[in-house]
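First the structure, in the form of structure tokens, and then the observations on it.
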There are 2 protein chains.
Amino acid sequence: MREGPDIARIASLVGDPARANMLNALMGGTALTASELALEAGVSLPTASSHLSKLMEGGLLTLASQGRHRYYGLAGPQVAGMIEAITGVAEAVGPKRVRPGPRDGAMRIARVCYDHLAGEQAVAMLDRLVEKDILLRDDREIRLGPSAVSHFSAIGIDVDAKPRRPVCRACLDWSVRRSHLAGTLGAAILDKILLEKWARREKDSRAVVFSPPGKQAFERVFLA
Amino acid sequence: MREGPDIARIASLVGDPARANMLNALMGGTALTASELALEAGVSLPTASSHLSKLMEGGLLTLASQGRHRYYGLAGPQVAGMIEAITGVAEAVGPKRVRPGPRDGAMRIARVCYDHLAGEQAVAMLDRLVEKDILLRDDREIRLGPSAVSHFSAIGIDVDAKPRRPVCRACLDWSVRRSHLAGTLGAAILDKILLEKWARREKDSRAVVFSPPGKQAFERVFLA
DNA sequence: AGAATGCTTCGATGAGGAACGAACTATGCG
DNA sequence: CGCATAGTTCGTTCCTCATCGAAGCATTCT
């Protein structure tokens, strides 16, 4: 009972699955809104709000209010370091990698991350778009390149449509450990993929499964 | 819902106050028995046993059985690092140092740590005993000096009495951040202090309060 | 102004899990 | 062998806290 700082209080904040998912989602470094975090955590908005209050009160998060949006972010690198340390232990003691499993494999290749595509396919797509100078990437930030508007409108995506949210955002991929494309453009691309029936969402999962012709079409449009 | 390793599982293990106290107690590096940890955590033995099972199952602890004693220790430096990281955050976000409070002050000066004395007085005592070469300290280890047996038997403490447990052990003091004396010798000294009525235990607390003459006697014997 | 969106608060429900006493097992001592 | 000590298991009680629906602010769009 050497009662120094209240470590149990902090750890129990991270100890709830919903909160842990939120913190994990914020490990990418970009601040997210309450709704986004609710989706990430897989809970309802009220529940998420309650969790966010607790994380705020616990000093783990910062809040930036912008209009009616409230962006939550990690309170600092110390908090991020703590999450990393916990993740490291969890990885070390949890050799639960019995076998990747078919759905895990599919998840690794392509899955939904909030409203956009994630996984190997998504990372490859962003790489290719940057390579072709359609998008420009500095470190964590992604901007439209000069040919972006014409390129995307040619395939039926209007990049100016929704000026409220950032068009491009980098989102860290847990399976590949590299960024993929988020923001309204990322969302629009996922919409197109599903609309064109190139792929379908796996039931009760975030996995996205491409049909063979769908994959070809996707590669022709985005990876060419 | 980027579901990597199960960080919530690990964090929730640390998130219980009783378990957090146990882990904290083990941060000193020395393995402790279930009973000792129960006392540290301030819970009953069955409760402690249950917590220890969970910590073992979670991979945070190692177990070394020696006869009827079962020594629990941290599973490794990675776990210790995680605890440190959490402690750092807890310290940073919890500047709840409203006021030390009278009892906290007493605790800081002298308190019971399992079966021995801790706090400023205890740290000063160990320093003085080492200074006089009655005890020898290398880093974390403490051994009896050549004059130890005669010195302690002169004041009625038989250092050879109980060969089963280590006679001397260093125990890290949370308030002073330095070691004090544990082990059978530490326990015997605390016994003597209470037996001679130099001090009494505060009700419902670990604080130990010396009477003015008692303090003088203690200083004469151990700090001279 | 009215409507829509983003988010929080309130209230009720429910489940997990922390706690302890009592009983049981295991190791050591005489 | 019997007694004492060290630990675990079991069963019960209890309380916290996670969850969601409904309703309540707040902000922005039209």
Side-chain angles (χ1 to χ4, degrees), chain A residues 1 6 8-23 25-26 31-58 61-73 114-115 161-166 184 187, chain B residues 1 6 8-23 31-58 61-73 114-115 161-166 184 187:
Chain A
M1 212 139 48
D6 197 348
R9 181 175 135 78
I10 301 299
S12 68
L13 281 174
V14 188
D16 178 83
R19 287 194 291 263
N21 281 332
M22 291 175 171
L23 291 168
L26 292 171
L32 299 172
T33 65
S35 326
E36 289 172 320
L37 289 167
L39 276 164
E40 284 285 346
V43 295
S44 73
L45 227 163
T47 302
S49 184
S50 154
H51 284 305
L52 289 169
S53 312
K54 284 169 190 167
L55 289 170
M56 282 296 296
E57 199 182 358
L61 297 186
T62 55
L63 175 56
S65 287
Q66 283 180 19
R68 64 180 159 185
H69 294 264
R70 315 193 73 184
Y71 286 93
Y72 289 92
Y114 179 32
D115 60 356
K162 307 171 186 173
R164 309 198 209 146
R165 266 177 59 193
T184 56
Chain B
M1 213 142 37
D6 198 349
R9 180 176 136 79
I10 301 300
S12 69
L13 282 174
V14 188
D16 179 83
R19 286 194 291 262
N21 283 331
M22 291 175 172
L23 291 168
L32 299 172
T33 66
S35 327
E36 288 171 321
L37 289 167
L39 276 162
E40 285 284 345
V43 294
S44 73
L45 226 162
T47 302
S49 184
S50 156
H51 285 305
L52 289 169
S53 309
K54 284 169 190 167
L55 288 171
M56 283 296 296
E57 198 183 358
L61 298 185
T62 55
L63 174 57
S65 288
Q66 285 181 16
R68 64 177 161 186
H69 295 264
R70 315 192 73 184
Y71 287 92
Y72 290 92
Y114 178 33
D115 61 355
K162 307 171 188 174
R164 306 195 213 150
R165 267 176 57 194
T184 57

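Atom set for the values below is all heavy atoms of this structure, side chains included, hydrogens, waters and symmetry mates excluded. Proteins come first, then strands; the chains are lettered A, B, ... in the order of their sequence lines, and each starts at number 1.
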Taking only the side-chain nitrogens and oxygens of B:Tyr72, find out if one of them lies under 4.0 Å from OP1 or OP2 of D:dT8. yes
d(B:Leu55 CG, B:Met22 CE) to nearest 0.5 Å is 7.0 Å
Derivation and outcome, side chain to side chain contact (heavy atoms under 4.5 Å, CB included), residues A:Leu26 and A:Leu37: CA-CA 9 Å; A:Leu26 292 171; A:Leu37 289 167; 4.0 Å; yes
According to a strict under-4.0 Å criterion, is A:Ser35 in side-chain N/O contact with OP1 or OP2 of C:dC7? yes
So does B:Leu13 get a backbone contact from the side chain of B:Arg19, meaning a donor-acceptor N/O pair under 3.5 Å? yes
Distance, rounded to the nearest Å, where A:Leu39 contributes CG and C:dC7 contributes C1': 14 Å
Spacing of B:Met56 atom CE relative to D:dG7 atom C1', expressed in whole Å: 14 Å
Rounding to 0.5 Å, atoms CG (A:Leu39) and CG (A:Asn21) come to a distance of 12.0 Å
Please check this pair: side chain of B:Ser53 against backbone of B:Ser49, looking for a donor-acceptor N/O pair closer than 3.5 Å. yes
Please report, rounded to the nearest Å, how far the P atom of D:dG7 is from the CG atom of B:Leu61. 14 Å
How many whole angstroms separate atom CG of A:Leu63 from atom C1' of C:dC7? 11 Å
What string of B, S and - do you get for nucleotides 18-25 of chain D, 5' to 3', when a contact is any protein heavy atom under 4.0 Å? SSBBB---
Measure the distance from CD on A:Glu57 to P on D:dC17 and round it to the nearest whole Å. 11 Å
Quick one: is D:dT8 close enough that its OP1 or OP2 comes under 4.0 Å of any side-chain N or O from B:Arg70? yes
Are A:Thr62 and A:Tyr72 close enough, and set up right, to give a side chain to side chain contact (heavy atoms under 4.5 Å, CB included), and what steps lead you there? CA-CA 6 Å; A:Thr62 55; A:Tyr72 289 92; over 6 Å; no
